[in-house]
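Worth saying up front: this structure is predicted, and the values here are computed from it rather than measured.
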Amino acid sequence: MSAGASVRAKASGTKAIRYLDVVKRYGAFTALAGVALDVHAGEVVCLIGPSGSGKSTLLRCTNGLEKIDGGDIEFEGARLGRDERALRAMRRRMGMVFQNFELFPHLTAEQNVAEGPRTVLRTGIAEAKRRAAAMLAKVGLADKAASYPSALSGGQQQRVAIARALAMEPDVMLFDEPTSALDPETIGEVLNVMKVLADEGMTMVVVTHEMSFARRVGDWVAVFDAGRIVEEGSPEQIFERPATTRTRDFLSHLTWGA
Amino acid sequence: MTFDWSVVWRYRDALALGTATTFLLTIATMAIAVPCGIVVASLRLYGAAPLRTFATAYVELFRNLPLILVVYWAFYVLPIVTGVGLSAFATGLAALSLNVTAYNAETFRAGINSIRRGQLEAALALGMTRTQALRRIVVPQALRRVLPVLASTWVSLFKDTSLVSVIAVGELAYVSMQARAQTFRVLEMLTAMAVIYWLLGYPQAKLVDWIERRYVVTE
């Protein structure tokens, strides 16, 4: 592995998330077989690799939606909470965006975004509404505040979901295949919002099949296969000079007819 | 055979009072059995092991006992066991609530299970407690989804309140039977009772259909 060969542009020394030999099993199946990875503050780290290789599982372990069976995860220098209270305190500072949006269908776009500040941060309704308006404007959906999710396109729903996570003013954003469930024509609007966040310096961990996003926006790319990271490096290294056959193999299958 | 429908008119005040009591029983039972049903369903789904077992046992017990037996049991056994003597109305209310809570619990459990796991996860990912996630996100959706079932339970309950007439709760059925016994006008009183139940039950069923259409949540 020649990870050391690439220059880690935003290596700041401040590590937002550290994965230390993380192991996750589902019965006899090992989803994560000892994953080690650092996410520096302000970095966009993209997790790529074939389906079932453990990328999403790692992301879901990051905020404790899945419990790890071995190793450790550190968030901002502290071990990921084992008890619910400590875990909740960390979740407030980690926004998560899901493949299927998971907007709350019984709430309007505004209520969806205001729900976290209101219920979790107890900001009061006025402040929650102010945040909702600001975040919906940020994702370009100020005019959809009163719409229910069912009246929005997939791309719009995912942008509301991003606004919902941002309203908590998180330190880190986790994206779990945010464009995989979208129609091709709405993928761009979601990636644009994510690009803006990245440019603003948001620390992001992105599980994605959008190689152009990983290439253009990612600061660091980790290639997963069978529950391990087979290679990590800068986008140039991974996409121009992949060091392992597995990475070359994976990337070559992404282009039809290649 | 001659009919004397005037007896119905003569007993109008009693019948009106009985009808009011029937409504009161239905409303009070549901007011108790909806929140209690949610609690029992939550215990079955998310409670610690002993609570889960207790909730399951409760549901299976009351779902599989005839309601009239529960009514009698509440009337004769409950005061002996608890040492508390309740009025006939309160006893009837307790029996109906025990029964309907069990049904509602099953309804809510099915409703909560029908909300996909991602909704709970999205709420937890925001930092909500499990209770907050259930109260703010899962249960409101489940409630909307089970409204049609709750509605039919309501209409059944409205009719089933007649069973508490066996312990002399002065609801519509009891009052009608009393009038029948005093006047020997069986056909008239039973017909009047049927007409009143139907005329009141039918619009309720329709109202419930309307509520269902009004609050449907599309994904």
(request) Kindly say whether the aromatic ring centers of F23(B) and F158(B) come within a distance under 6.0 Å. (result) yes

(request) Would you tell me whether Y11(B) and S176(B) have side-chain atoms, one donor and one acceptor, within less than 3.5 Å of each other? (result) no

(request) Would you mind telling me which of T119(A), N63(A), V97(A), L174(A) has the largest number of heavy-atom pairs within less than 4.5 Å of chain B? (result) T119(A)

(message) What part of L103(A) gets within 4.5 angstrom of chain B, counting heavy atoms only: side chain, backbone, both, or neither?
(response) backbone

(request) Examine whether an atom of E121(B) lies under 4.5 Å from a heavy atom of chain A, and if so say whether it belongs to the side chain, the backbone or both; otherwise answer neither. (result) both

(request) Select one option (side chain, backbone, both, neither) describing which atoms of M90(A) are under 4.5 Å from chain B's heavy atoms. (result) neither

(request) Report the residues that fulfil salt bridge (Lys or Arg N to Asp or Glu O under 4.0 Å) with R109(B), sequence neighbours left out, ordered by chain and then residue number. (result) E106(B)

(message) One thing to verify: whether E115(A) and R164(A) come together as a salt bridge, which I'm taking to mean a side-chain N less than 4.0 angstrom from a carboxylate O.
(response) no

(message) I'd like to know if the side chain of E74(A) and the backbone of A16(A) have a donor-acceptor N/O pair within less than 3.5 Å.
(response) no

(request) Examine whether an atom of F98(A) lies under 4.5 Å from a heavy atom of chain B, and if so say whether it belongs to the side chain, the backbone or both; otherwise answer neither. (result) side chain

(request) Using a cut-off of under 4.5 Å on heavy-atom pairs, state which of E102(A), R88(A), R91(A) scores highest against chain B. (result) E102(A)

